Number of protein chains: 2
Amino acid sequence: MRDVATHAKVSAMTVSRVLKGDPKVAEATRQRVLGAVDALGYRRNETARRLRVGGSGMIGLVVTNLANPFYSRLALGVQEAAYEHGLRVLLSNSAEQVDREKGLVEDLAASQVDGMIVVPAGGSHRHLAPAALRGIPIVLASRPPGGMEADCVLVDDFGGAQAATSRLIEDGHRRIGFLGNPPALYTGAERFRGYWAAHEEARLEPDERHVRRGPTDVATAERAALDLLRDPDAPTALFCTNNRLTQGAIRALRTLDVPVSLAGFDDFDLADVLGLPLTIVSYDADEIGRRAGRMLIDRISAGAGADLPARRSTVPTEVIRYGTQPS
Amino acid sequence: MRDVATHAKVSAMTVSRVLKGDPKVAEATRQRVLGAVDALGYRRNETARRLRVGGSGMIGLVVTNLANPFYSRLALGVQEAAYEHGLRVLLSNSAEQVDREKGLVEDLAASQVDGMIVVPAGGSHRHLAPAALRGIPIVLASRPPGGMEADCVLVDDFGGAQAATSRLIEDGHRRIGFLGNPPALYTGAERFRGYWAAHEEARLEPDERHVRRGPTDVATAERAALDLLRDPDAPTALFCTNNRLTQGAIRALRTLDVPVSLAGFDDFDLADVLGLPLTIVSYDADEIGRRAGRMLIDRISAGAGADLPARRSTVPTEVIRYGTQPS
DNA sequence: CTGTTAGCGCCTTCAG
DNA sequence: CTGAAGGCGCTAACAG
């Protein structure tokens, strides 16, 4: 910056003012400075600037698994919101490991991020509170805060699961199996509640033998589905709580070649060309990111002082049907 | 930091030393400082530290489309390499827009990133050279530098396309259509070359009427495929240059219900359960990111002075076959 | 082993 | 409208 100042025959202060767009600079001076900036290819050092003005112009984002299209879209939504406000995004991946998540959050705090968005890996979020305590705003995505107060953006897990299950019941299914994440996972629990509520609403009761709450990936889901479907009293339809489990179920159906209807959370490519009766709970993953981003930015601009109450936003779901639905 | 120093009854300098792990600090002092750090919940200000020591401990990553699983995996690979070396990743999405990419790169440069990895959106990369000129190391991913020298990591586009096409020829196909990106895209051009080379090798010549080099997304690919397949002299197989085009072709096949063999670049979920004869060129997208990350870190640690020659690394491909292959 | 001095590059404050 | 002084929080380099 000194170089630019010398080159333009002004003081460093004037250069600083021009760069910030201060109107109290004579047009001629401004042009001269801009010329020098251009000639020298100068770019202001953000690190130094941030040291002086505080903050960092960055927000942190921690997701559990960037390879899952769901989270990469979420990240894209966050990017979008951040970009609109001139913020940069520091992205990291916790790989579902709570201690790694903890380390990443500390790192972000040390990097002076202006705020962070976290998809929490575990059930307990006490290690996320310190971020808030040190005054760094935090927004949780996909899963609500456990044991702390914080803003969060969720999906209508309950409503979506209930709606999809109801559609299966309307189709005449009376034995609907459940393939879901362990109950410890918030989404798994909520979606199970929805599945159950749809039954109650129709004055039915799910058969516990047709409920599997262990599988977490394609392979385990496939095994669980095979197991369910080989039962002499097998379900005529299955509800799966996420895209990987649905894919496991699809593999099982291919193997057995039985006419079972499938419902599941999360839309996926080519769902329509499989030729299977498929009921999908779809929602806009980008939107979760956008909302979380905006919520965070709100809180950042509110300032550390303002103690707004923790807010919660829920992204709606939509039921889509692929293939023909036999009853 | 001063607070910690006071609390531990030492100077700020000693605190600094403890935090950096300097062994020339008495164990007793160290414990006292650590105690104070803990008591006050202190964390060193990275911004200030970086201003002093130079660099930023961050690398920038610009991809064209994070929603494409290919790029999110690439990002994951970069994360991995960065994490191993204690670097943070500043991620942004250019949405295939060259001017946006340019802005993002400037931003990254201003943020003092230690280096950056870019998946270039356009054909000309002159705007990326300045980054290098200002001494910021840069590595290109997926596409080679155009009009400048730079490190890059590529996929074996040519070899993969050639291998897949050869397999179709071995199966007895003599009329193989081509569905590809515009030739302006490096990958599109290379994959076309591979397709062509496989024909030459077998002393065949592709029929130009069966070559479509315009489509860029699922919808346009579907239309192009329909057009090709409705020809009285229609091809008996199609080679598609990426996952979106392959999906478009799959839709076309579903519509027409003709027994055409498909080959394409990029593996995708459920490819095996479609029940179609499918020849896929697969490769490890994470690996591209990892290599790019390591290459960048190499160059960063080599220092700005060392003028290593530009290096180039190519990730291998593998041909996978799904479904039965009629001839 | 520990403390002092000085300055990284910028911007806020206060004088011209 | 422009400049000079001072300091953001940290750490190299040099004392002690």
Side-chain angles (χ1 to χ4, degrees), chain A residues 1-37 40-58 86 106-114 134-136 304, chain B residues 1-37 40-58 86 107-114 134-136 303-304:
Chain A
M1 179 145 139
R2 265 209 319 274
D3 296 350
V4 176
T6 311
H7 194 96
K9 300 186 207 315
V10 292
S11 76
M13 203 46 239
T14 302
V15 177
S16 174
R17 281 197 260 262
V18 169
L19 260 37
K20 121 161 98 152
D22 191 324
K24 297 188 305 242
V25 178
E27 183 57 23
T29 318
R30 216 176 68 81
Q31 291 304 340
R32 205 141 35 83
V33 170
L34 257 30
V37 165
L40 301 174
Y42 168 78
R43 236 142 11 188
R44 152 170 87 180
N45 182 330
E46 281 296 312
T47 308
R49 183 180 132 73
R50 290 306 179 176
L51 175 59
R52 191 60 241 249
V53 306
S56 63
M58 301 188 300
E106 303 233 326
D107 248 35
L108 290 174
S111 302
Q112 315 296 118
V113 291
D114 296 336
R134 295 184 71 231
I136 301 177
Chain B
M1 179 143 141
R2 264 209 319 273
D3 296 351
V4 176
T6 311
H7 195 97
K9 299 188 207 314
V10 293
S11 76
M13 200 49 235
T14 302
V15 177
S16 173
R17 281 198 261 261
V18 170
L19 260 37
K20 132 163 92 150
D22 191 323
K24 298 188 303 238
V25 177
E27 184 55 25
T29 318
R30 216 175 69 81
Q31 291 304 343
R32 206 141 33 83
V33 170
L34 257 29
V37 164
L40 301 172
Y42 168 79
R43 238 145 7 193
R44 156 169 86 177
N45 182 329
E46 280 296 313
T47 308
R49 183 178 133 73
R50 290 307 180 174
L51 176 59
R52 187 62 242 241
V53 306
S56 63
M58 301 188 300
D107 250 34
L108 290 174
S111 301
Q112 313 296 118
V113 291
D114 296 336
R134 294 184 74 232
I136 302 178

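All heavy atoms count here, side chains included; hydrogens, waters and symmetry mates do not. Since the structure is predicted, the reported quantities are computational estimates derived from the model, not experimental observations. Here is how names work: the chains are called A, B, and so on, in the same order as the sequence lines, proteins then strands, and each is numbered from 1.
- Between A/Thr47 and C/dG9, a side-chain N or O to OP1/OP2 separation shorter than 4.0 Å is absent.
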Report, one pair per line, the protein and nucleotides 7-9 of chain D atoms (nitrogen or oxygen only) whose separation is under 3.5 Å.
from, atom 1, to, atom 2, distance (Å)
D/dG7, N2, A/Arg52, NH1, 3.3
D/dG9, N2, B/Ala48, O, 3.4

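- From A/Thr47, atom OG1 reaches atom CD of B/Glu46 across 11.0 Å, with rounding to the nearest 0.5 Å.
- Summarising the geometry, the separation between CG on A/Asp22 and P on D/dG3 is reported as 13 Å, rounded to the nearest angstrom.
- Here the CZ-OG distance, from B/Arg44 to B/Ser16, works out to 7.0 Å after rounding to the nearest 0.5 Å.
- D/dC10 atom P lies 10 Å from atom CD of B/Glu46, rounded to whole Å.
- Near DNA chain C, meaning a heavy atom under 4.0 Å from it, residues 9-19 of chain B has B/Val10, B/Ser11, B/Met13, B/Thr14, B/Arg17 in order of number.
- Here the straight-line distance linking atom CD of A/Gln112 with atom CZ of A/Arg50 works out to 11.5 Å at 0.5 Å rounding.
- Rounded to whole angstrom, the span from the CG atom of A/Leu40 across to the P atom of C/dG9 amounts to 15 Å.
- Distance alone, capped at 3.5 Å, is enough to place a donor-acceptor pair between the A/Ser56 side chain and the A/Met58 backbone.
- At C/dT12, one or more side-chain N or O atoms of A/Lys20 fall inside 4.0 Å of OP1 or OP2 (strictly under the cut-off).
- For the pair A/Lys24 NZ and C/dT12 P, the interatomic distance rounds to 11 Å; values are reported in whole Å.
- Proximity of a side-chain donor or acceptor of B/Ser111 to a complementary backbone N or O of B/Asp107 within less than 3.5 Å is detected.
- Within the model, atoms OG1 of B/Thr14 and CE of B/Met1 stand 9.0 Å from one another, a figure rounded to the nearest 0.5 Å.
- Side-chain contact between A/Val18 and A/Val10: absent, with no pair of heavy atoms (C-beta onward) separated by less than 4.5 Å.
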For a quick test of your reading: what N or O donor-acceptor pairs under 3.5 Å do the side chains of residues 23-35 of chain A make, sequence neighbours left out?
from, atom 1, to, atom 2, distance (Å)
A/Glu27, OE1, A/Arg30, NE, 3.2
A/Glu27, OE2, A/Gln31, NE2, 2.7
A/Arg32, NH1, A/Ala8, O, 2.5

